[in-house]
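Data block below; observations after.
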Amino acid sequence: MEKSKRLKTVRGAFPEVEQIKDDALRLAVIDIWAMAWESSEWRSLEDCPKGVDVPVEHNLIMHSRAVASFAMSLCDQHNEYNGIGMNRDHVIAIALLHDVCKLHEFTRTESGHSKSRIGNLYQHGYLSAHWAQEAGLSDEIVHGLMSHTPLSGVIPQTQEAVLVHYADFADTDALLLEAGLPLFCKRK
């Protein structure tokens, strides 16, 4: 697929990206998704699962959009009720990019999906942070990508990273509960 069509597909898959006011950041988020998709095995973005432990109908796009929506709402409510302003553009960018790495961390198998070789070699979130850093995104965004997962030894150190961390947990654990699986927040 040609690059312009891939960029248009990515932009259409993530309408939340249009809420990023900073033009350069918005375009970088779209470019990172397009690059990750183009270099992955997935022919369609919709085919990549949210996780190997969550039913397939909950794909990566749905999860990323849910986390972005939850995080934007938390950002707005946190400001309204606690008077703590945050960089909303950073919240959206972190939320939309937090799991872009899964395009390379998962692979198709005869029985569904599993972790890929990269998924077994690299810590979850590393590629998302690496691609963001390569694209010139701020250290705060790169930090939010590294710290979104409890699999990382990096603890969220910014308000934006904290919100995305918990938005991700909320969506993941709701899906796991629905599937009758152990909650991620209770895993050791």
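Just so it is clear, the model here is predicted, and its values are computed rather than measured.
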Heavy-atom neighbours of Glu178 CD exceed 12 at 6.0 Å: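 No, CD of Glu178 has 12 or fewer neighbouring heavy atoms, counting only those of other groups under 6.0 Å.
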
What distance do [X] atom [atom1] and [Y] atom [atom2] have between them, rounded to the nearest 0.5 Å?
{"X": "Glu41", "Y": "Ile118", "atom1": "CD", "atom2": "CD1", "answer": "11.5 Å"}
{"X": "Asn59", "Y": "Ser64", "atom1": "CG", "atom2": "OG", "answer": "8.5 Å"}
{"X": "Ile92", "Y": "Lys21", "atom1": "CD1", "atom2": "NZ", "answer": "8.5 Å"}
{"X": "Thr107", "Y": "His113", "atom1": "OG1", "atom2": "NE2", "answer": "8.5 Å"}
{"X": "Gln123", "Y": "Thr149", "atom1": "CD", "atom2": "OG1", "answer": "7.0 Å"}
{"X": "Ile30", "Y": "Thr9", "atom1": "CD1", "atom2": "OG1", "answer": "11.5 Å"}

Residues that Glu110 engages under side chain to side chain donor-acceptor pair (under 3.5 Å), provided they are two or more places apart: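 For Glu110 there are no side chain to side chain donor-acceptor pair (under 3.5 Å) partners, ignoring immediate neighbours.
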
Contacts of type side chain to side chain donor-acceptor pair (under 3.5 Å), residue Glu134, not counting sequence neighbours: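 Per chain and number, Glu134 pairs via side chain to side chain donor-acceptor pair (under 3.5 Å) with His130.
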
Applying side-chain contact (heavy atoms from CB on, under 4.5 Å), name anything that partners [X], two or more places apart in sequence or on another chain.
{"X": "Ser40", "result": "Trp37, Trp42, Leu103, His104"}
{"X": "Ala167", "result": "Val67, Phe70, Ala71, Leu74"}
{"X": "Ser44", "result": "Glu46, Asp47"}
{"X": "Ala34", "result": "Arg6, Leu7, Val10"}

Worked check of side chain to side chain contact (heavy atoms under 4.5 Å, CB included) between Cys101 and Tyr122: CA-CA 10 Å; Cys101 53; Tyr122 294 170; over 6 Å; no

Aromatic ring pairing Phe184/Phe169, orientation class (parallel under 30°, perpendicular over 60°, tilted between):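 Phe184 vs Phe169 ring planes: perpendicular.
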
Intermediate values then yes/no, side chain to side chain contact (heavy atoms under 4.5 Å, CB included), Leu177 and Leu183: CA-CA 6 Å; Leu177 186 65; Leu183 300 182; 3.9 Å; yes

Pairwise salt bridge (charged side-chain N to carboxylate O under 4.0 Å, His left out) hits with a residue in residues 65-90, at least two apart: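 As it turns out, the salt bridge (charged side-chain N to carboxylate O under 4.0 Å, His left out) pairs with a partner in residues 65-90, which skip direct neighbours, are Glu16-Arg65, Asp76-Arg88.
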
Pairs flagged by salt bridge (charged side-chain N to carboxylate O under 4.0 Å, His left out) wherever residues 91-106 is involved - sequence neighbours left out: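 Salt bridge (charged side-chain N to carboxylate O under 4.0 Å, His left out) check on residues 91-106 returns Asp99-Lys102.
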
Find out whether [X] and [Y] are in side-chain contact, i.e. whether some heavy atom of one side chain is under 4.5 Å from a heavy atom of the other.
{"X": "Leu145", "Y": "Ile94", "value": "yes"}
{"X": "Leu176", "Y": "Pro182", "value": "no"}
{"X": "His90", "Y": "Leu137", "value": "no"}

His98 versus His63, side-chain donor and acceptor atoms under 3.5 Å: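 His98 and His63 do have a side-chain donor-acceptor pair below 3.5 Å.
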
Hey, any chance [X] and [Y] share a hydrophobic cluster, counting ILVMFWY side chains that come within less than 4.5 Å of each other, even indirectly?
{"X": "Ile61", "Y": "Ile20", "value": "yes"}
{"X": "Leu96", "Y": "Met62", "value": "no"}
{"X": "Met72", "Y": "Val164", "value": "yes"}
{"X": "Val100", "Y": "Val17", "value": "yes"}
{"X": "Val52", "Y": "Leu127", "value": "yes"}

Indicate yes or no for a side-chain donor-acceptor contact from [X] to the backbone of [Y] under 3.5 Å, with no hydrogens or angles considered.
{"X": "Ser147", "Y": "Val154", "value": "no"}
{"X": "Trp131", "Y": "Leu97", "value": "no"}
{"X": "Ser73", "Y": "Ser69", "value": "no"}

Working for side chain to side chain contact (heavy atoms under 4.5 Å, CB included), residues Thr172 and Lys50: CA-CA 9 Å; Thr172 298; Lys50 179 262 181 272; 3.0 Å; yes

Side chain to side chain contact (heavy atoms under 4.5 Å, CB included) evaluation trace for Leu45 with Leu60: CA-CA 8 Å; Leu45 282 175; Leu60 181 57; over 6 Å; no

What are the two closest heavy atoms between [X] and [Y], and how far apart are they?
{"X": "Gly144", "Y": "Ala161", "value": "CA-CB, 3.8 Å"}
{"X": "Gly125", "Y": "Met146", "value": "O-SD, 4.0 Å"}
{"X": "Leu27", "Y": "Arg11", "value": "CD2-NH1, 4.2 Å"}
{"X": "Ala66", "Y": "Asp171", "value": "CB-OD1, 3.6 Å"}
{"X": "Val91", "Y": "Cys75", "value": "CG2-SG, 4.1 Å"}
{"X": "Ala135", "Y": "Ile32", "value": "CB-CD1, 3.9 Å"}

Linked hydrophobic residues, Tyr166 as query - side chain contacts closer than 4.5 Å: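 Its cluster partners, ordered by chain and number, are Val162.
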
Pairs where residues 153-165 contributes a residue and the test side-chain hydrogen bond (donor to acceptor under 3.5 Å, both in side chains) is met, not counting sequence neighbours: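 For residues 153-165: His78-Gln159.
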
Salt bridge (Lys or Arg N to Asp or Glu O under 4.0 Å) against Asp23, all qualifying residues, sequence neighbours excluded: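 Expected list: Arg26.
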
